[in-house]
Amino acid sequence: QVQLVESGGGLVQPGGSLRLSCSASEITLRYYHVAWFRQAPGKEREGVPCISGDDSRTDYADSVKGRFTISRDVAKNMVYLQMNSLKPEDTATYYCALDISLKNSPMYTRDCWNGLDYWGTGTPVTVSS
């Protein structure tokens with residue numbers, strides 16, 4: 001059974017940084033499209049960044065462009081979300097998700113934030129002074 005686990009969330013002051021990690025069991029994240037999402041209380045889920053299976057393409061929500069970076073560590077079977085210049089409005093639970101329909105492809109099955117097959121349980125991030 002494929003499982004995704006997020007870690008690295010916590011409390012951080014505005015302007016600070018966090019790095020979230022997404023690890024997987026029973027599957028190698030390499031070669032697959034991975035996306036990060038977030039959901040704040042009372043709000044809809046929002047796609048944050050994603051990375052294509054061949055790592056040639058990344059897409060970011062306008063709200064995080066220039067501040068967040070998605071990356072992949074093949075050796076550790078991890079996908080990271082580096083979050084800098086954090087703002088109170090970044091407060092949310094962050095989830096990673098995996099699309100296994102295409103392997104080593106520059107394309108997404110549907111688009112950056114759709115067509116995902118597996119989801120983690122989330123890690124909370126609070127940005128507050």
Side-chain angles (χ1 to χ4, degrees):
Q1 176 93 21
V2 173
Q3 288 189 325
L4 302 179
V5 178
E6 303 90 342
S7 61
L11 174 64
V12 62
Q13 292 186 342
S17 298
L18 279 177
R19 188 179 76 164
L20 305 183
S21 300
C22 174
S23 62
S25 60
E26 305 299 328
I27 197 167
T28 301
L29 292 176
R30 185 180 187 180
Y31 300 133
Y32 294 111
H33 163 207
V34 177
W36 283 94
F37 294 81
R38 65 186 181 185
Q39 188 165 20
K43 294 188 177 181
E44 291 187 358
R45 187 176 65 201
E46 175 189 21
V48 186
C50 70
I51 186 167
S52 64
D54 69 348
D55 291 350
S56 67
R57 178 179 178 180
T58 55
D59 290 284
Y60 292 86
D62 289 343
S63 58
V64 305
K65 278 181 182 176
R67 300 189 298 123
F68 290 14
T69 304
I70 187 170
S71 62
R72 198 191 306 263
D73 186 326
V74 172
K76 295 183 178 179
N77 198 30
M78 293 274 203
V79 173
Y80 299 112
L81 180 61
Q82 178 67 43
M83 306 188 296
N84 298 328
S85 302
L86 283 161
K87 305 175 182 180
E89 51 264 44
D90 294 318
T91 295
T93 297
Y94 285 71
Y95 304 86
C96 64
L98 175 67
D99 169 12
I100 63 170
S101 298
L102 297 174
K103 190 173 183 180
N104 199 28
S105 173
M107 307 296 292
Y108 307 127
T109 302
R110 291 179 59 187
D111 58 48
C112 181
W113 296 302
N114 289 284
L116 290 306
D117 301 300
Y118 296 97
W119 293 78
T121 56
T123 185
V125 172
T126 302
V127 184
S128 175
S129 55

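All figures in this text were calculated on a predicted structure; none of them were measured in a lab.
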One should read off an interatomic distance between Asn77 CG and Ser21 OG, to the nearest 0.5 angstrom, of 11.5 Å
Find out whether Trp36 and Cys50 are in side-chain contact, i.e. whether some heavy atom of one side chain is under 4.5 Å from a heavy atom of the other.
no
Pair Ser63, Glu46: side-chain N/O donor-acceptor within cut-off below 3.5 Å
yes
Within the structure provided, determine whether Trp119 and Leu98 are in side-chain contact (heavy-atom separation under 4.5 Å).
no
Hey, are Asp99 and Arg110 close enough for a salt bridge, meaning a charged N less than 4.0 Å from a carboxylate O?
no
Indicate the atoms forming the closest heavy-atom contact of Met78 with Ser23, along with that distance.
SD-CB, 3.6 Å
Spell out, as yes or no, whether a donor-acceptor pair under 3.5 Å connects the side chain of Glu6 to the backbone of Cys96.
yes
Side-chain heavy-atom pair Leu81, Pro49 within 4.5 angstrom cut-off:
yes
If only side-chain N and O atoms count, and only distance matters, is there a donor-acceptor pair under 3.5 Å linking Asp55 with Tyr31?
no
Is there side-chain contact between Ile70 and Tyr60, with at least one heavy-atom pair below 4.5 Å?
yes
NZ/NE/NH1/NH2 to OD/OE distance under 4.0 Å, Lys65 and Asp62
yes
Indicate the atoms forming the closest heavy-atom contact of Cys22 with Leu29, along with that distance.
O-CD1, 3.6 Å
Minimal heavy-atom distance between Gly47 and Phe37, with the atoms involved, is CA-CD2, 3.6 Å
For the backbone of Gly9 and the side chain of Thr123, can you confirm whether one donor and one acceptor N or O come within less than 3.5 Å of each other?
yes
Check Val12, Leu20, Asp90 against Met83 for a side-chain contact (heavy atoms from CB on, under 4.5 Å) and give me the one that passes.
Leu20
Between Ser25 and Val2, is there a side-chain heavy-atom distance shorter than 4.5 Å?
no
So Tyr32 and Lys103, do their side chains get closer than 4.5 Å, heavy atoms only?
yes
With a 4.5 Å heavy-atom cut-off, do Leu116 and His33 have their side chains touching?
yes
According to a 4.5 Å side-chain heavy-atom criterion applied to Ile, Leu, Val, Met, Phe, Trp and Tyr, with indirect links allowed, do Leu4 and Leu102 form part of one hydrophobic cluster?
no
Shared ILVMFWY cluster between Tyr95 and Val79, side chains joined below 4.5 angstrom?
no
Check: Asn84/Ser17 side-chain N/O donor and acceptor closer than 3.5 Å
yes
Under the rule for side chain to side chain contact (heavy atoms under 4.5 Å, CB included), what residues qualify as partners of Asp54, not counting sequence neighbours?
Ser52, Ser56, Asn104, Pro106
Cation-pi, Tyr94 ring and Arg38 (6.0 angstrom, 45 degrees):
no
What residues form a side-chain hydrogen bond (donor to acceptor under 3.5 Å, both in side chains) with Thr58, not counting sequence neighbours?
none
Is a side-chain N or O of Asp117 found less than 3.5 angstrom from the main chain of Ile100, in a donor-acceptor match?
yes
Is there side-chain contact between Leu18 and Leu86, with heavy atoms separated by less than 4.5 Å?
yes
Within the distance-only criterion (no hydrogens, no angle test), does the side chain of Arg45 pair as donor or acceptor with the backbone N or O of Gln39 below 3.5 angstrom?
no
